[in-house]
> 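Below are the structure tokens for one structure; questions will follow.
Lettering of chains follows the sequences in order, A, B, ..., and the numbering in each one begins at 1.
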Amino acid sequence: MSMFVFSDALLEWFDVHGRHDLPWQVSDDPYKVWVSEIMLQQTQVKTVLQYFDRFIGRFPTVQDLGTATWDEVAPYWAGLGYYARARNLHKAAGIVAAQNHFPETLEEWMALPGIGRSTAGALMSLGLRQYGVIMDGNVKRVLSRFFAIEDDLSKPVHERAMWQLAEKLCPVERNHDYTQAIMDLGATVCTPKKPLCLYCPMQQHCKAHQQGLENELPFKKAKKSVPVRSAQVLVLQCGKQWLWQQRPNSGLWGGLWCLPILEEAHELEQMRQNLGLKQVAQKVGISHSFTHFTWQLEGLIFAIDPDLQEHLSIELGGIWMEPTDAIRAGIPTAMKKLISASKL
DNA sequence: AATTCGTGGCT
DNA sequence: TAGCCAAGAAT
């Protein structure tokens with residue numbers, strides 16, 4: 001009698017139904033796999049496809065990225081979100097370029113900024129084609145269903161258990177195919193909603209399916225309400241040029257170019273007096289939703305006298321650019337919304 | 001341990 | 001359509 005082996009069943013399914021045509025599925029370039037793994041963190045494949053080729057085209061090797069300046073990199077990540085990923089990738093590329101060789105072990109990969117245990121596993125497996133184990137959203141969903149884990153997976157006890165299961169199931173033979181396969185299964189069959197159990201190679205051995213729990217798992221925590229914050233945005237216009245500030249490296253939109261944002265109500269009046277700003281020519285409002293809060297941004301458009309231009313840029317620590325040049329330098333999506341709203 | 005960190009595809 | 005949530009890591 002034949003025994004059910006998780007990896008055998010998965011690999012057999014993968015050979016016929018897996019994704020084999022993604023641009024980062026290369027056997028000869030850990031750098032491309034690396035870039036893709038960072039871009040794909042919390043980001044759908046379809047979204048990354050719009051950025052990956054352009055990024056690789058501009059920075060074809062780790063040396064190209066590692067020796068570039070941040071200002072050269074930012075435009076190629078702008079709009080993709082989670083900008084700490086780009087800052088860490090850039091920093092790490094500098095380290096690898098200086099060393100002149102890629103990390104060779106899980107620990108060496110994890111020592112680089114922006115690379116945690118799962119991404120390091122992916123790089124061992126998909127990048128170097130050695131042994132590596134991953135633990136992404138797909139794997140968590142597949143395992144939580146296969147083993148019918150009905151509790152909050154973010155609890156440390158389950159976090160540890162999931163890694164143990166993932167390592168136990170992960171084969172040495174065809175390791176990189178298996179890594180790709182379990183993500184493909186999660187993305188195309190064992191989906192978050194309406195999983196296609198009929199087409200799943202695990203169907204008869206999946207505890208969630210056996211118990212009719214596939215639509216209930218994985219366990220979802222009660223979602224807390226998303227707070228709404230408001231802020232004012234200075235749209236300082238001098239002819240065609242607007243005043244832009246580069247955001248500090250840490251925090252929201254770190255390293256991107258933004259219009260000056262005032263989060264405290266009293267800041268505006270202070271600012272108007274100190275800077276000699278006259279009356280608001282026009283107001284525009286936009287709403288921008290993040291995962292953790294919604295921002296109501298009120299754009300205050302000022303017509304700036306050319307005599308004040310240099311003073312303002314020094315005082316506010318910014319530079320004057322036309323919106324098209326700011327976009328070229330790298331701005332977050334909300335700023336694009338404000339530009340559009342200001343031109344109506 | 002709980003937060004922070006973006007944006008867009010999908011239903 | 002409003003909400004879910006995606007190839008997570010850092011703090």
> With sugar-phosphate meaning primed atoms plus P, OP1 and OP2, does A/Glu159 contact a base, only sugar-phosphate, or nothing at under 4.0 Å between heavy atoms?
nothing
> Would you tell me whether A/Arg19 and A/Thr188 have side-chain atoms, one donor and one acceptor, within less than 3.5 Å of each other?
no
> Any N or O donor-acceptor pair under 3.5 Å from the base of B/dT7 to the side chain of A/Thr291?
yes
> Is A/Thr43 touching bases, backbone alone, or none of the nucleic acid, heavy atoms closer than 4.0 Å?
base
> Using a heavy-atom cut-off of 4.0 Å across all strands, would you classify A/Val48 as base, sugar-phosphate, or nothing?
nothing
> May I ask you to decide whether A/Arg117 forms a salt bridge with A/Glu167, counting only side-chain N to carboxylate O separations under 4.0 Å?
yes
> Counting the atoms with a prime plus P, OP1 and OP2 as sugar-phosphate, which does A/Gly186 contact under 4.0 Å by heavy atoms, base, sugar-phosphate, or nothing?
nothing
> Looking just at side-chain N and O atoms, do A/Asp71 and A/Thr69 make a donor-acceptor pair shorter than 3.5 Å?
no
> Which nucleotide in the set B/dG8, C/dG8, C/dA10 lies at the smallest distance from any side-chain heavy atom of A/Asp136?
C/dG8
> Select base, sugar-phosphate, or nothing to describe what A/Ser154 touches, counting heavy atoms under 4.0 Å on all strands.
nothing
> Polar atoms only, N or O, under 3.5 Å: list the protein pairs with nucleotides 9-11 of chain B and their distances.
{"unit_1": "B/dG9", "atom_1": "O4'", "unit_2": "A/Gln44", "atom_2": "OE1", "d": "2.8"}

> Any donor-acceptor pair under 3.5 Å between the side chain of A/Arg87 and the base of C/dA10?
no
> Students often get this wrong, so: under 4.0 angstrom with heavy atoms, is A/Leu22 touching a base, only sugar-phosphate, or nothing?
base
> Map A/Pro156 and A/Phe293 onto DNA chain B by nearest heavy atom, then report which one ends up closer to the 5' terminus.
A/Pro156
> Take A/Asp184 and A/Gln180 through the side chain to side chain donor-acceptor pair (under 3.5 Å) test and state the conclusion after the steps.
CA-CA 6 Å; A/Asp184 289 356; A/Gln180 187 63 49; 2.9 Å; yes
> Look at all strands and tell whether A/Ile115 reaches a base, only sugar-phosphate, or nothing, counting heavy atoms closer than 4.0 Å.
sugar-phosphate
> Between B/dT7, C/dA7, C/dG8, which one does the side chain of A/Gln180 approach most closely?
C/dA7
> Any idea which of C/dG8, B/dT4, C/dA7 is nearest the A/Met183 side chain?
C/dA7
